[in-house]
Structure formats: structure tokens, C-alpha cells
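Working notes, structure below.
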Amino acid sequence: MNEGKQLSSNEHKNIKAYYLLIPTVAFEFIFFIVPLVIVFIYSFSQTDPFGRIRFEFTLSNYFRVFTPEFTRTMFRTFSLATISTILCLIVGYPLAYYIGYKEKKYQSLLLMLVIIPFWLSFVTRTYSMISIFSSNGILNQVLAFFGLIKDRPQWLYNWYSVVAGMIYNYLPMAVLPIYASVEKLDKAYLEAAQSLGANKFVTFLKVTLPLTLPGVVAGSILVFIPSVGEFLIPELLGGVDWYMMGNYLWMTFLTIGNYPFGAALSIVLIVIVLLFIAIYSKYFAKEVELGF
Amino acid sequence: MPNRRDFLKFGGFFGLGALAGGGIAYYLLQSEISRLNEALKETYPNLEPELNVYNWYDYVAPGVFEDFTSEFNVKINPSYYGNPDEMFAKVMAGGSGYDVVIASDYKVGEMIPLNLLQRLDFEKIPNFINISEEFVNPLYDPRQEYSLPYMWGTTGIGYNKDVVTEEFEGFELLFEEKKISKYSKKVVLVDEMREVFAAALKYLGYSLNETKEERLIEAKNLIMKIKPHILKFSAEQVKELLISGDVAIALGYSTDVYLAAAQNESIQYKIAKEGGTMWVDNFVLLNEAKNVNSAHKFIDYMLRPSVCAINSNYLFIANPCFETVERGYVSAELAEDQNIYPPEEILQKMEIFKPFTVEEKDRMGQLWVEIKA
């Protein structure tokens, strides 16, 4: 019988601590769970000719998701997200490592430099790339000034410019978590490894990298997930081959106004991303305790 | 010689005097303003003090809103959209807080059956009589109950005359492989599904409101064929790409091309000989509008021939107000431009978008995805 049981003062404190979670839970409920449920319900409904939702159960929205265009767009989206993530890690890791090993007083300055671009609006940052790389842009003017080019090449509106834009915008997402784990790394381990005869490369491979892996995994997920939903960077910096899932969703909801089909597309996208993350974290979970 | 003390005393008195004078002047001015405001309230007793207007970005000449405010003492809070789909989604979601929205023709047609709009009270809009006959009872509002036209223009070809030196008459420049391939990757098409299909359908000799599947597929194949030569589809960058010289040919709104031409004199605009889209932006009043009287006053004010013309002259765009050209309100440069005020035989070939149902949009949308993906 538990009824008569007195709660210890410690347990009292714990229960009170849970009250602190109320704002978080309420927020998550209203802005995450409820919209997700609405999207889920919409995906099984229909519209009238003017775009109003009719709640009559149908699976037809799901049946028409899997077209060759969907597959192509999905493949393109995941390729872009994967490439961007890998490049962000390749660029971000050495940077985070460098900052993590600097003296404390320089660390905050360097981190500041990583974060400063984030103070600008996302659209402004992306437009600034256009003004640098467009055919009349700063880069071509400088190159022409030094006589390095004759006519003005077009750097933008292709895959490279989209990938460059992605790296530029998402790099801090990779750098910050990696920096956090580099900074936490106990430098005594490195001395131990070296005193046991490991050279610098082996030390990095066997000690530093595994111990900073949680940061790498967190960083890669932080870059990957928003990349999958990205549509503005491909739209502004891409050419005719930029069509991503985000653009497809935008068009289905806003241009066509078919909310049920858009909802079905979103649910399929969410499921695929979750599967992707699940496989990814299962693979890494052996080495890293991430709590996924 | 005045000593320092006298000087300070003098200065002090002078300063105090100036202050007092200024104060009195300020008081008189304020009381005059409030008296005028009172008088204004008596003249227009029903006007609400504020009005929320939702409009395309940069789509009213500077000073026009301010003049309205000083005349009627109604403050305008403008909000902007860059794309009609964005506007539609926001209004459809409800609770937008807007009173007057400036909406494209077919969007008006889509908003009416959704009960988003309220009927206009034409007794409160005497300037309604200024609307030219051909804009009355349009396709998208057949009994002219919900909307009144603001400005109108066309969709056509913008080109850089330094690069495109050959003669062309219409959409063959875009859709003939032989011609377009000379400007490969120097072409931008406006990122509007219906506009791109409209150009292809017109080139094929069909109506731009065609919904027959096989004709739409024909149009799709035509667009697919020239896709390798297109630099990009863009909603917002047409103007910039023309100005910077990144593209030599654009399928775009006349407004965008004219604004580009204002900054780069090599840019020219041409309505295709096949015709094309004639679009009309309209004033509509939302059902949920709170400032209904001010909204009517605002629409009435915007339809004054003089105000119509100020906006036209600033935006390089034609207005639907009667005789603004004949009476010389619109600048001669604009009035004589056949691509802004096209002659009758070209106007005959222009069409206004018919509002599509979701099903019709979906059918075209599926083909549009096939083009893009």
C-alpha cells in the first residue's frame, strides 16, 4: 500500500522541479505536437474545389506521393543535405579543434567570429553571396582589375554555388558542438597517449577523434536536418536544377493550395528523415552515448 | 560697453523671451492642428483612425499614403508581400488584421468563393465612375461586387538590346531552339506556374486559360525542350538579373522589366505578337476588416484620376482610370509607349487569367513539377 507513504523531502523537491518543465511541455505541446497531429489528420482528408479542407477519409494523397519526380527530388535533396553536412564537418572540425586548443582569452573572440554572420538575417547573408559572385560582382571586378579574366564568368546558379551557400549558412551549426566536445576533452589523455608511444596522428585517431565524436554526431545532425528542409538557398543561388523537397512543399501548399497532399508529402518526408537519423545514430550509438 | 553681468542678463531675457515665444507659437500650432482634426472629424465623422493595407512591395508612389493621411487624418499601416501565393495563404489562414488587400485578378476569383471578401459599398466610392468600361465586370468578379481595379500591366519579354540584336516578334525568341540556343543560360523565366504555361500555350496558339490535359502536356514538352538554356526560374530576381546583365532575355512582368530599364538603358520590353497575360491588380476588402469606412475612403481616394496617374507615372504602369491619358495626367512618355498602353489589335490578343479550381491547379501543378524536378 502506497497511500500512507510519506514522501521524503528530497522527493518533494523533485516533484517541485518538474513544475519548472510546465512552460517547456506546454510549448512543445502547442507548437510541436498539435501541429504535427493537424498535419497528420490533413494528410488523410480532401479539399473542395476552392481549397477548403473536407474531412473525409482517403488514402489517395499517399498513393500519389511516389512519382518519379518525387523520387528524383528526394534523391537530390538528400544528396545536397549529405554533401553539405560532410563538407561542413570537413571545414568545421579543424576550425573547432583550433579554437578548442587556443588559450581561453582567444577562444571567445574566435567563437564570436564564427557566430557574427548569424547576426545578419539569413536572407541578407545569402544575398551578399550574390553580390560577391554574380557576373558583375565583386569577385569578377577584382579579377578583371588584375587582368586575370577577360569576359565575366558566371559563378552562380549552379550546384557549386548552392553547396557553397549551404556551407556558409550552416557552418556554425557544425563548429559549435564540435568545439564544445574539444574544449571538454581532458588534455591529460593526449599526454598519456603520447607518453605511451603514440605519434600525433595515432593520438588524434585513437584518442581525440573518438572522444569528440559526440560533438561531430550532434553537429552533423544539426546541419543535416535543416538542410533537408532548405529551399531558400537553392532558390536564390541555384539554377534550373535546384528543385528540392522544400520547394515542392512550398508549391503544393502555396501555389496549388492542396493542403492534404502537401501534408501527405510532409509526413512521408518526416518518416524518411527519421529513418535516416535512426540508422545513423544506431550506427554511432555503439561508440557514443547520445540518448537517441 | 555692457559688462559680463549685463550681457548675461540680456542673454537670459532674450532666451526666456524666445522660449516663451516659441511656446506660444507651438501652443497656437497645436490648437490649430487639433481644431483642424476636429473639423476633419466633423467632415468625415465615420472614418476609423487607422487602416491596414496589404500590398505588393513598392507598389504605390512615395507620398501617396502620406497625402491620404494628411487629407483624411487616417493613418495607413502598410504591409507587404512579394508573391500572390504568400498573400493568399496569409489571408486564407484568417486573423491577418488587414483591411484592404491589393490582389491579383485570379486571386480575387479564388478568394470570393471562400467568403474571404466583403461586398464593396459603391455609394461610398463615387470615384468608381472613373473606371474605364473595359475593366468593369471582369472575368474574376463578373458582377463587380468585391473588387475594383488598381493598376494593370502585361507579361512579356524583357531583353537586353545590346545582346539580342536580331529582330523578333514574340515568343519564338523563347521557344525556337535555334533562337534560344544563342542565348543559352542567359534566360530567366518568372517563377510563376501560370505565367510560364501561358507563354507556351500562347506560342502554340491556344488560350492561356487552357485546361485540356493534352494541350497542357504539349506546353510542358515545349518548356522542357528549352529548359537546358534557362539560367533559372525566379520570382524575385528577374529585375536584378536584367540590370546586372546576367541574363539577356526574361519572361517577366512589364513592371519588373520597366524598373530594370530605369537602371539599365539597354533593357527593353516587348509584348509578344501572340499576346500574353494581361493582369489587373485590385482593391478588395476583407470580410474580417475592422476599418471599413476608412477602407472605402481609401479606395475612393486611390481611384481619383490624379492619384491613379501619380502611381502610374512612378510605377511605369497603366491604370484603369478613365481618361487619365486623354486629359494628360499620365506622362506622355508612358501614354505613348505601346507596350504600356497597347493598341487595340494587341489588346485583343491579351487574356486575363481565369481563376482555377484546386483540381485544375493540381493538374497544371503536376506538370510544373515534372518540368522543375
Side-chain angles (χ1 to χ4, degrees), chain A residues 46-54 61 64 67-77 123 127 130-131 133-137 140 151-152 154-158 161-162 232 234-245 247-248 250-262 265, chain B residues 82-90 92-93 107 109-116 185-189 191-194 223-224 226-237 240-241 243-247 264 355-373:
Chain A
Q46 307 174 26
T47 69
D48 70 2
F50 310 114
R52 269 176 297 216
I53 308 290
R54 279 207 328 248
N61 297 316
R64 53 172 289 207
T67 55
E69 291 74 42
F70 172 82
T71 319
R72 274 207 302 275
T73 308
M74 204 57 149
F75 181 73
R76 186 182 303 124
T77 304
V123 179
Y127 257 97
I130 295 180
S131 66
F133 292 105
S134 80
S135 64
N136 253 338
N140 275 355
D151 43 302
R152 309 209 149 169
Q154 180 61 268
W155 305 97
L156 289 174
Y157 314 119
N158 53 43
S161 59
V162 174
L232 199 70
E235 170 133 0
L236 289 176
L237 298 175
V240 279
D241 303 316
W242 51 259
Y243 208 64
M244 300 291 149
M245 277 316 288
N247 303 100
Y248 193 11
W250 166 280
M251 191 203 95
T252 310
F253 279 111
L254 291 168
T255 308
I256 312 295
N258 191 340
Y259 282 56
F261 179 54
L265 275 176
Chain B
N83 160 325
D85 294 332
E86 181 190 329
M87 176 279 289
F88 185 72
K90 199 159 177 186
M92 194 174 155
K107 289 290 176 200
E110 290 173 16
M111 286 157 103
I112 292 171
L114 290 171
N115 287 327
L116 294 171
K185 292 289 172 199
K186 293 225 142 219
V187 182
V188 63
L189 304 190
D191 194 6
E192 283 287 333
M193 170 177 89
R194 291 200 64 180
I223 301 163
M224 288 289 272
I226 62 152
K227 188 183 166 190
H229 303 302
I230 300 171
L231 181 67
K232 66 184 298 178
F233 295 97
S234 177
E236 277 92 17
Q237 286 166 279
E240 291 154 41
L241 289 169
I243 294 170
S244 68
D246 281 311
V247 301
N264 179 343
F356 273 0
T357 62
V358 170
E359 198 187 330
E360 285 166 332
K361 281 193 276 183
D362 228 344
R363 194 178 309 150
M364 192 180 262
Q366 184 52 42
L367 299 171
W368 185 231
V369 172
E370 286 169 27
I371 292 168
K372 287 232 194 154

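A, B, ... follow the sequence lines: proteins, then strands. Residue 1 opens every chain. Side chains included, hydrogens not; waters and symmetry mates left out as well; all remaining heavy atoms used.
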Legend entry - Atom pair CZ/CG of A:Phe50 and B:Leu116 - distance to nearest 0.5 Å: 12.0 Å
Inset, instruction - Check each atom of A:Thr47 against the heavy atoms of chain B and say whether the ones under 4.5 Å are side chain, backbone, both or neither. - result: side chain
Inset, instruction - Establish, yes or no, whether the cationic atom of A:Arg76 lies under 6.0 Å from the six-membered ring centre of A:Tyr243 and within 45° of the ring axis. - result: no
Inset, instruction - Just give me the residue among B:Gln237, B:Glu110, B:Met364, B:Gln366 that pairs up with chain A most often, heavy atom to heavy atom, under 4.5 Å. - result: B:Gln237
Legend entry - A:Tyr248 portion near chain B, given a 4.5 angstrom heavy-atom threshold: side chain
Legend entry - B:Asp362 side chain vs B:Gly365 backbone, donor-acceptor pair below 3.5 Å: no
Inset, instruction - Counting only heavy atoms closer than 4.5 Å, note whether B:Phe88 contacts chain A via side chain, backbone, both or neither. - result: neither
Legend entry - Top of A:Asn136, A:Leu254, A:Asn258, A:Ile256 for chain B proximity - count of heavy-atom pairs under 4.5 angstrom: A:Ile256
Inset, instruction - Report the option among B:Ile230, B:Ile371, B:Thr357, B:Asp85 that has the most heavy-atom pairs separated by less than 4.5 Å from atoms of chain A. - result: B:Asp85
Inset, instruction - Keeping the roles fixed (side chain from B:Lys232, backbone from B:Asp191), state whether a donor-acceptor pair exists under 3.5 Å. - result: no
Legend entry - Structural part of B:Glu360 lying under 4.5 Å from a heavy atom of chain A: neither
Legend entry - Interface moiety of A:Arg152 toward chain B, non-hydrogen atoms closer than 4.5 Å: neither
Legend entry - Side-chain touch B:Arg194/B:Phe356, heavy atoms, less than 4.5 angstrom: yes
Inset, instruction - Enter the distance from A:Tyr259:OH to A:Arg52:CZ here, rounded to the nearest 0.5 Å. - result: 13.5 Å
Legend entry - Toward chain A, the part of B:Glu370 with a non-hydrogen atom under 4.5 Å: both
Inset, instruction - Against chain B, label A:Ile130 side chain, backbone, both or neither, depending on which of its atoms sit under 4.5 Å from a heavy atom there. - result: side chain
Inset, instruction - Decide if atom CD of B:Glu359 counts as having more than 12 heavy atoms of other residues, nucleotides or ligands within a radius under 6.0 Å. - result: no
Legend entry - Residue pair A:Phe70 / A:Met245, side-chain heavy-atom distance below 4.5 Å: yes
Legend entry - chain A contact via B:Met92 - which portion, at a heavy-atom distance below 4.5 Å: side chain
Legend entry - B:Glu240, part contacting chain A, at a heavy-atom distance under 4.5 Å: side chain
Inset, instruction - Name the region of A:Tyr127, side chain, backbone, both or neither, that has any atom closer than 4.5 Å to a heavy atom of chain B. - result: side chain
Legend entry - chain B interface, residue from A:Leu236, A:Thr252, A:Thr67, A:Thr73 that has the most non-hydrogen pairs under 4.5 Å: A:Leu236
Inset, instruction - Identify which of A:Gly257, A:Ser135, A:Gly137, A:Gly51 forms the greatest number of heavy-atom pairs closer than 4.5 Å to chain B. - result: A:Ser135
Legend entry - Residues forming a salt bridge (Lys or Arg N to Asp or Glu O under 4.0 Å) with A:Asp241, sequence neighbours excluded: none
Inset, instruction - Check the pair B:Asp246, B:Leu241 against side-chain contact (heavy atoms from CB on, under 4.5 Å), reporting the backbone distance first and the verdict last. - result: CA-CA 5 Å; B:Asp246 281 311; B:Leu241 289 169; 3.7 Å; yes
